[in-house]
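Quantities reported herein were computed from a predicted structural model and do not represent experimental measurements.
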Amino acid sequence: MSPAEQLRLDGMPARLFACTPSRLATFGDCPRRYRLTYLDRPSPAKGPPWAHNSLGAAVHTALKRWWELPRARRSPAAAGSLLDACWLDDGFRDAEQSALWRARARDWVAGYAQGLDPDDEPVGIERHVATRTNRLALSGRVDRIDARGDELVIVDYKAGRRAPTRDEARSSFALACYALGAARTLRRACHRVELHHLRTGSVVDWTHTDESLARHVARAEHTADDIVAATDTLSAGAAADEVFPAQVGRHCGWCDYRRHCPEGQAAEPELEPWSMLGPTGSESGSEPGPTPGTVPGGTPGAREVAPAGTDPPG
């Protein structure tokens with residue numbers, strides 16, 4: 001009998017599995033990618049940086065810094081200037097392509113800021129929150145936490161090619177985790193979650209119940225149990241590729257670890273680092289930005305956009 005088993009027999013609680021929503025999602029998408037990301041040491045080399053990650057990072061940073069400005073300086077123009085100041089060229093094909101997307105992103109954040117009330121201070125910006133369940137120690141960082149009446153609201157920015165749907169807001173474990181973490185960390189009820197799409201100015205929302213949040217937790221705990229079991233089996237000497245097999249699919253085209261995965265290379269062609277920004281043809285002109293005033297801090301009527309298929313992240 002192992003020491004761990006003896007402790008459990010003595011009635012002592014099992015150690016909580018510390019994780020983020022991203023960690024659980026990685027295992028669900030591909031166990032091999034999970035192993036390469038979280039277990040293998042030294043960490044295997046990743047592929048080149050992705051342009052859509054650079055774009056997303058700049059958008060998030062600009063909006064964070066906008067709220068950090070003195071009240072009198074919180075203008076749409078300031079949001080655009082902040083985007084320029086934190087722009088990253090990593091992953092773009094060339095300087096011309098980078099400049100094109102920087103101009104588009106500047107329009108997005110400026111249009112978004114025009115719909116915000118600069119006096120409506122968020123409760124948290126890029127706020128770290130955490131909570132515990134019977135088996136998990138969950139944590140994550142929330143883009144923005146608003147106070148609406150007596151409750152908190154989770155706001156998550158999206159800058160990807162496709163506008164998110166309400167079903168994605170409902171089914172997102174990350175958003176559910178943030179709601180649970182915000183409620184515990186800030187000691188206020190939190191059930192509503194929102195996805196704000198910067199490219200189109202659309203907002204989709206979902207209001208969880210305690211029961212729907214519990215269902216998210218149950219699924220997360222099941223995934224964590226699978227991770228722990230696989231990790232223990234690997235530690236006992238099992239073959240890594242058998243315990244953490246590749247799960248191939250479209251995601252293999254943009255996986256950071258495809259160079260270490262023959263199955264992934266065979267399943268999908270490798271994408272260019274800038275290929276997830278949008279269709280090549282769209283680079284001939286400027287994409288429309290959000291309509292001023294449609295993406296508020298307190299959305300009166302969030303609009304759901306119909307699904308448009310499965311797109312890569314970003």
Side-chain angles (χ1 to χ4, degrees), residues 19-30 33 52-53 56 59-60 108 112 115 129 131 133 136 138 140-146 148 151-183 189-224 226 247 249-254 276-279 287-288 290-291 294-314:
C19 60
T20 62
S22 177
R23 182 166 188 156
L24 295 175
T26 298
F27 183 83
D29 290 341
C30 179
R33 187 180 183 208
H52 71 281
N53 285 340
V59 165
H60 281 72
W108 300 342
Y112 183 85
V129 297
T131 190
T133 75
L136 303 177
L138 287 166
R141 189 172 61 184
V142 188
D143 291 343
R144 195 173 91 216
I145 305 174
D146 289 349
R148 313 264 181 84
E151 290 216 4
L152 303 175
V153 176
I154 300 299
V155 173
D156 192 57
Y157 304 132
K158 294 296 182 185
R161 294 162 51 177
R162 177 178 59 82
T165 67
R166 199 175 192 210
D167 185 63
E168 289 171 320
R170 176 192 62 81
S171 62
S172 168
F173 172 68
L175 294 180
C177 173
Y178 300 154
L180 289 165
C190 184
H191 293 90
R192 181 182 171 100
V193 298
E194 296 179 351
L195 294 173
H196 291 205
H197 191 237
L198 277 295
R199 296 197 189 202
T200 61
S202 65
V203 174
V204 293
D205 70 275
W206 183 259
T207 301
H208 280 289
T209 63
D210 291 341
E211 291 75 19
S212 67
L213 291 172
R215 287 192 293 270
H216 273 289
V217 168
R219 286 191 290 269
E221 290 180 336
H222 180 75
T223 299
D226 289 344
Q247 185 166 306
R250 289 185 60 201
H251 56 270
C252 296
W254 61 82
M276 286 184 276
L277 291 169
E287 287 187 342
T291 302
T294 60
V295 184
T299 311
R303 304 183 311 282
E304 179 178 355
V305 180
T310 302
D311 281 316

Is the backbone of [Y] close enough, under 3.5 Å, to the side chain of [X] for a donor and an acceptor to pair up by distance?
| X | Y | result |
| --- | --- | --- |
| H197 | G160 | yes |
| E168 | T165 | yes |
| R166 | V204 | no |
| S212 | T209 | yes |

Which is it for D29 and Q247 under the side-chain contact (heavy atoms from CB on, under 4.5 Å) test, yes or no, and what are the steps along the way? CA-CA 7 Å; D29 290 341; Q247 185 166 306; 5.8 Å; no
How far does [atom1] of [X] sit from [atom2] of [Y], to the nearest 0.5 angstrom?
| X | Y | atom1 | atom2 | result |
| --- | --- | --- | --- | --- |
| S172 | D156 | OG | CG | 7.0 Å |
| D205 | E194 | CG | CD | 5.5 Å |
| R219 | T223 | CZ | OG1 | 9.0 Å |
| T26 | H251 | OG1 | NE2 | 10.5 Å |

Measure across [X] and [Y] and return the closest heavy-atom pair with its distance rounded to 0.1 Å.
| X | Y | value |
| --- | --- | --- |
| A220 | L136 | CB-CD1, 3.8 Å |
| S202 | A163 | OG-CB, 3.8 Å |
| C190 | V153 | SG-N, 4.3 Å |
| L198 | Y157 | CD2-CB, 3.8 Å |
| P21 | Y178 | CG-CE2, 4.3 Å |
| C177 | L138 | SG-CB, 3.9 Å |

Which is it for V217 and L180 under the side-chain contact (heavy atoms from CB on, under 4.5 Å) test, yes or no, and what are the steps along the way? CA-CA 10 Å; V217 168; L180 289 165; 3.5 Å; yes
With T207, which residues qualify under side chain to side chain donor-acceptor pair (under 3.5 Å), at least two apart? none
Taking the side chain as C-beta and beyond, is there a heavy-atom pair between [X] and [Y] under 4.5 Å?
| X | Y | answer |
| --- | --- | --- |
| I154 | I145 | yes |
| R144 | H196 | yes |
| R192 | E151 | no |
| R199 | R161 | yes |
| L195 | L175 | yes |

Residue pair S22, T20: steps toward the side chain to side chain donor-acceptor pair (under 3.5 Å) verdict: CA-CA 5 Å; S22 177; T20 62; 4.8 Å; no
Aromatic rings F173 and H216: how do their planes relate, parallel, tilted or perpendicular, breaks at 30° and 60°? tilted
Report, as yes or no, whether the 6.0 Å neighbourhood of atom CZ on R141 holds more than 12 heavy atoms from other residues, nucleotides or ligands. no
